[in-house]
Amino acid sequence: MSIAYDYERGSRTTSYLTKPLQLLIGGRHVPSVSGRTFTSLNPATEQAIATVAEGNAEDVDFAVAAARKAFEGPWRTMRAAERGTILLKWAQLLRDHADEIIELESLDAGKPVSAILRQDLPAAIDTLTYYAGWADKISGEVVSTRDDALTYTVREPVGVVAAIVPWNFPLMIGMWKLAPALACGCTVVMKPAELTSISALRIGELALEAGLPPGVLNIVTGPGRTVGEALVNHPDVDKVTFTGSPGVGRGIMKGAAGNFKRVSLELGGKSANIIFDDANIEAASKAAASGIFFNTGQVCSAGSRVLVQERVYDEVVERLTERARALRIGDPLDRATSLGPVISERQMKSILDYVDIGRNEGATLVTGGQRAAARGYFISPAVFAGVTHDMRISQEEIFGPVVSVIKFKDEADALRMANGTAYSLAAGVWSSDFGRVQRFAKRLRAGTVWINTYGYTDVRLPWGGDRDSGLGREHGTAALANFTEPKAVWMNLAV
Ligand code: NAD
């Protein structure tokens, strides 16, 4: 999809960010009940860019009540085609405001504008358009049971949904949750990550402009421990859809047990990108570099373990290193920048700690792994060679621009290591042997397998993993099942 993008830096966002950003509850912008606010920083400059309302459990109560009212009122009873039309109008408004949204997301999350233009915004718009199309096509079926009865199923929206979103793709992952939930007739209380609340609030305004009735989408900004937990524990929330870390995901499953909320979880990853010696090494190395360094490595499906067959190991390390060194680190608002900062000082320290851990474990740091600017959370992309399967840098999610290159002998060795972590989100395999890649597609424990490519996602295909990578699937028809429940209806024909 091509999006018109023609911004002059600061032209539109300046006015949006000068006023304190408020919660969105019941179709109105309101301050938090406590009156408290927090500051959002630009990770590229460490400077404050916005003041954001800090919600708490009381704000969550108001938001859930507004969502319940809108669910029982206009939204679930509205003609499904009309719901779809509103969502399509919203998608058009996202296109019309592309320059402003891209800039806000870049300032708040430190993402290069080129990446938001290519990935985040088009994916968000695609998702919205795809599910808008589904709104009037969700139906049950007539099932033959007995001669004297008409028996059929209908699919009903689950009710009020809590959508809890991480900071690495605030706009795109936010929309992965909002679009199917709203298309199915659910209403939503959304909690963006506290580090990246701005784009959610802006697109929430555009949703109202598109005609979304008050209370259908509510946004409560603030910390996970207060706003997030209040949502998860709320007795009037019917479903939690969460993307984030496995630790928080575990707590969400426990919290949701109170009223047996439905839960879907998209969690972490430590994905293997496997390169056999009969692969196209140039293409594989290029994809391996973008597979780990895209979004500064802050990607759940990042190919953070590159498994390479012995004969081509040195060559792949060399090519990856060249590509890492060639990445252009810099101002995310500059279209030529390919690598932005990581999200926060805390994240930066955690990544640099992992670089130390890797060194201490005996891996060889071939390039990068250092703070790359005095100001802003920039890290030079790191390539570790000589990594073994049991090292912590090979097992734990680093969530930064650090790749571990691991040597393997044969298929059995590669498969054992690829499947040998707590995660199962995605994997890639590179080989010109058709039988081999098919064997791997079958045997890799991963929700997505890429063959001779890496990193694509599409709203039409299911997305998710099991174990520490989560529970359930997003996207496609799987998401429709997440936000609806089937009901069986029996009608006696004999009276
Ligand atoms: P996080 O778990 O710290 O936070 C995610 C969201 O949960 C934030 O909005 C946060 O405020 C909220 N939260 C924090 N504590 C909470 C609590 N006790 N109760 C309820 N909500 C709470 O994750 P993060 O650091 O924002 O994101 C990084 C993680 O997300 C990584 O592990 C990454 O792999 C994962 N991720 C997964 C996918 C996927 O599709 N599988 C996509 C992106 C990110």
Side-chain angles (χ1 to χ4, degrees), residues 38 40 52 54-57 60 108-109 111 119-120 123 127 162-177 189-197 200 219-234 237 240-256 258 261 263-271 292 294-304 342-344 346-348 350-351 396-400 421-426 446-448 455 457 459 461-475 478-479:
F38 63 96
S40 212
V52 184
E54 182 180 320
N56 63 20
V60 167
D108 204 21
K111 283 164 175 279
Q119 165 84 21
D120 303 54
T127 303
I164 304 178
V165 179
W167 44 258
N168 61 338
F169 292 92
L171 182 67
M172 183 181 85
I173 292 182
M175 197 55 87
W176 286 2
K177 302 184 180 312
V189 181
M190 182 187 194
K191 193 205 95 61
E194 50 274 52
L195 293 168
T196 55
S197 302
I219 301 175
V220 183
T221 46
R225 286 231 160 260
T226 48
V227 177
E229 284 191 16
L231 277 169
V232 170
N233 294 321
H234 203 290
V237 168
V240 182
T241 168
F242 170 78
T243 298
S245 55
V248 174
R250 226 165 255 126
I252 286 178
M253 271 196 94
K254 288 185 191 145
K261 290 178 186 69
V263 175
S264 36
L265 305 171
E266 300 293 341
L267 308 175
K270 191 73 189 176
S271 298
I292 177 63
F294 176 65
N295 209 40
T296 322
Q298 303 166 118
V299 179
C300 49
S301 54
S304 49
V342 298
I343 189 71
S344 64
R346 191 164 145 227
Q347 186 68 11
M348 180 177 71
S350 156
I351 295 164
E396 297 174 19
E397 186 179 46
I398 299 175
F399 224 55
T421 72
Y423 299 101
S424 66
L425 188 59
T448 294
T457 58
V459 67
L461 288 167
W463 181 251
D466 62 2
R467 297 190 281 183
D468 280 16
S469 292
L471 183 73
R473 295 290 185 272
E474 293 193 296
H475 292 178

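Remember, it's 1-based here, ligands and their atoms both numbered in the order they're listed. All values derive from a computational prediction rather than experimental measurement.
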>> If I take atom CG from residue Leu267 and atom OG1 from residue Thr243, how far apart are they, to the nearest 0.5 angstrom?
In response: 8.0 Å

>> Rounded to the nearest 0.5 Å, what separates atom CD in Glu266 from atom NZ in Lys177?
In response: 6.0 Å

Sequence-distant partners of [X], side-chain contact (heavy atoms from CB on, under 4.5 Å), two or more places apart:
X: Val299; value: Phe169, Phe294, Asn295, Ser301, Ala302
X: Asn233; value: Glu229
X: Thr196; value: Asp108, Ala109, Trp167, Pro170, Ala193, Ile343

>> Please check this pair: side chain of Ser350 against backbone of Arg346, looking for a donor-acceptor N/O pair closer than 3.5 Å.
In response: no

Just the distances, no angles: every ligand 1 N or O to protein N or O pair closer than 3.5 Å, one line each.
| residue | atom | partner | partner atom | Å |
| --- | --- | --- | --- | --- |
| ligand 1 | 2 (O) | Ser245 | N | 2.8 |
| ligand 1 | 2 (O) | Ser245 | OG | 2.6 |
| ligand 1 | 9 (O) | Val165 | O | 2.7 |
| ligand 1 | 9 (O) | Lys191 | NZ | 3.2 |
| ligand 1 | 11 (O) | Lys191 | NZ | 2.8 |
| ligand 1 | 11 (O) | Glu194 | OE1 | 2.7 |
| ligand 1 | 11 (O) | Gly224 | N | 3.4 |
| ligand 1 | 18 (N) | Glu229 | OE2 | 3.0 |
| ligand 1 | 23 (O) | Ser245 | N | 3.4 |
| ligand 1 | 25 (O) | Trp167 | NE1 | 2.9 |
| ligand 1 | 26 (O) | Trp167 | NE1 | 3.0 |
| ligand 1 | 30 (O) | Gly244 | O | 3.2 |
| ligand 1 | 32 (O) | Glu397 | OE1 | 2.7 |
| ligand 1 | 34 (O) | Glu397 | OE1 | 3.4 |
| ligand 1 | 34 (O) | Glu397 | OE2 | 2.6 |
| ligand 1 | 40 (O) | Trp463 | NE1 | 3.0 |
| ligand 1 | 41 (N) | Leu267 | N | 3.4 |
| ligand 1 | 41 (N) | Leu267 | O | 2.8 |

